[in-house]
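Scope of the values below: all heavy atoms of this structure, side chains included, with no hydrogens, waters or symmetry mates. What you see is a predicted model, and the numbers here were worked out from it, not measured in a lab.
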Amino acid sequence: MTTPHADGNGPLIPRPELTLPALRQAVATVVPSRLPEFFEDLQKAFVRAGDEDSVVPIRMFYQQWGVVVEIERHPDTAHRLHAAEQAISSPDPDVRERAIREAAEIVRAAHREVAGS
């Protein structure tokens, strides 16, 4: 795991490694309400890996939840994403378009961070 920022605006927790124990602990810490979804996705990934005789579904699971944690461990970023997700339902097409761009930008940035870019 990386070290959190010393100031109050840093991440809630260090960035976890993309391993099952580290991700499970991180999800339990920053977004515990999503633990059932985490375990459901884990089960699906292992079933799919067995069906496909491939580790790719497991790696995709780690990446997906690494991104979730990367976003949620930064409260301001998580707040921006959740606000954008709600705004996507707006009847105003301009609001929806801005929300889609905002959400996409946040998710892409989290993917880059998790990938180490």
Side-chain angles (χ1 to χ4, degrees):
M1 291 190 177
T2 59
T3 308
H5 296 263
D7 65 22
N9 297 323
L12 297 173
I13 62 169
R15 181 178 300 121
E17 294 180 14
L18 296 182
T19 65
L20 183 56
L23 286 172
R24 180 181 52 231
Q25 180 61 46
V27 171
T29 302
V30 298
V31 64
S33 64
R34 293 190 66 184
L35 274 172
E37 179 185 358
F38 175 86
F39 287 116
E40 183 178 326
D41 287 353
L42 173 65
Q43 183 176 4
K44 288 177 184 175
F46 273 88
V47 168
R48 190 167 163 217
D51 291 347
E52 296 175 9
D53 194 25
S54 172
V55 296
V56 171
I58 296 167
R59 289 184 180 154
M60 290 172 56
F61 167 83
Y62 289 153
Q63 179 74 22
Q64 170 192 347
W65 282 93
V67 168
V68 169
V69 169
E70 183 60 27
I71 292 166
E72 294 292 338
R73 73 191 194 95
H74 296 276
D76 290 342
T77 303
H79 177 75
R80 284 179 36 231
L81 177 62
H82 300 309
E85 290 170 336
Q86 288 181 338
I88 289 171
S89 300
S90 172
D92 183 332
D94 292 333
V95 171
R96 286 194 310 267
E97 186 176 326
R98 282 191 305 274
I100 290 167
R101 281 196 311 268
E102 174 80 357
E105 177 184 311
I106 291 167
V107 172
R108 278 193 304 269
H111 272 280
R112 285 192 301 271
E113 288 296 320
V114 169
S117 299

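Residue pairs meeting the salt bridge (Lys or Arg N to Asp or Glu O under 4.0 Å) criterion with at least one partner in residues 25-37, sequence neighbours excluded, are Arg34-Glu37. Within the structure, every pair that satisfies the side chain to side chain donor-acceptor pair (under 3.5 Å) test and touches residues 93-102, not counting sequence neighbours, is listed here: Arg80-Glu102, Glu97-Arg101. Residue pairs meeting the salt bridge (Lys or Arg N to Asp or Glu O under 4.0 Å) criterion with at least one member in residues 62-72, sequence neighbours excluded, are Arg15-Glu70, Glu70-Arg73. Within the structure, the salt bridge (Lys or Arg N to Asp or Glu O under 4.0 Å) test picks out the following pairs touching residues 52-62 (sequence neighbours left out): Arg48-Glu52. Pairs of residues two or more places apart, or lying in two chains, never qualify as ring pair (Phe, Tyr, Trp, His ring centres under 6.0 Å) while including a residue from residues 80-102.
In plain terms, the two heavy atoms of Ala26 and Val69 that are nearest each other are CB-CG1, 3.7 Å. Ala99 approaches Ala84 most closely through the heavy-atom pair CB-O, 3.3 Å. In terms of heavy atoms, Pro32 sits closest to Ala28 at CB-O, 3.4 Å.
Between the CD atom of Glu113 and the CD1 atom of Ile71 there is a distance of 11.0 Å, given to the nearest 0.5 Å. Taken from CD in Glu85 to CD1 in Ile106, the straight-line distance is 8.5 Å, to the nearest 0.5 Å.
Through direct or relayed side-chain contacts under 4.5 Å between Ile, Leu, Val, Met, Phe, Trp and Tyr, Met60 connects to Val56. Hydrophobic side-chain contacts under 4.5 Å tie Ile100 into a cluster, directly or through other members, with Ile88.
At a threshold of 4.5 Å between side-chain heavy atoms, the hydrophobic network of Ile, Leu, Val, Met, Phe, Trp and Tyr places Leu12 and Val114 in one connected group. Grouping the Ile, Leu, Val, Met, Phe, Trp and Tyr side chains by contacts below 4.5 angstrom, directly or via other members, places Leu18 with Phe39. Both Leu35 and Leu42 belong to a single network of hydrophobic side chains, linked directly or stepwise wherever heavy atoms of I, L, V, M, F, W or Y lie under 4.5 Å apart.
Qualifying side chain to side chain donor-acceptor pair (under 3.5 Å) partners for Glu40, counting only residues two or more places apart in sequence or in other chains: Lys44. Residues satisfying the side-chain contact (heavy atoms from CB on, under 4.5 Å) criterion with Ala49, sequence neighbours excluded, are Pro57, Ile58. With sequence neighbours excluded, the residues satisfying side chain to side chain donor-acceptor pair (under 3.5 Å) with Thr29 are Gln25. Residues meeting the side chain to side chain donor-acceptor pair (under 3.5 Å) test with Gln64, sequence neighbours left out: Asp41. Partners of Tyr62 by ring pair (Phe, Tyr, Trp, His ring centres under 6.0 Å), not counting sequence neighbours: none found.
Residue Gln43 places its CD atom among 12 or fewer non-hydrogen atoms of other residues, nucleotides or ligands, all under 6.0 Å distant.
The aromatic rings of Trp65 and Phe38 stand perpendicular to each other, their planes meeting at an angle above 60°, with 30° marking the opposite boundary.
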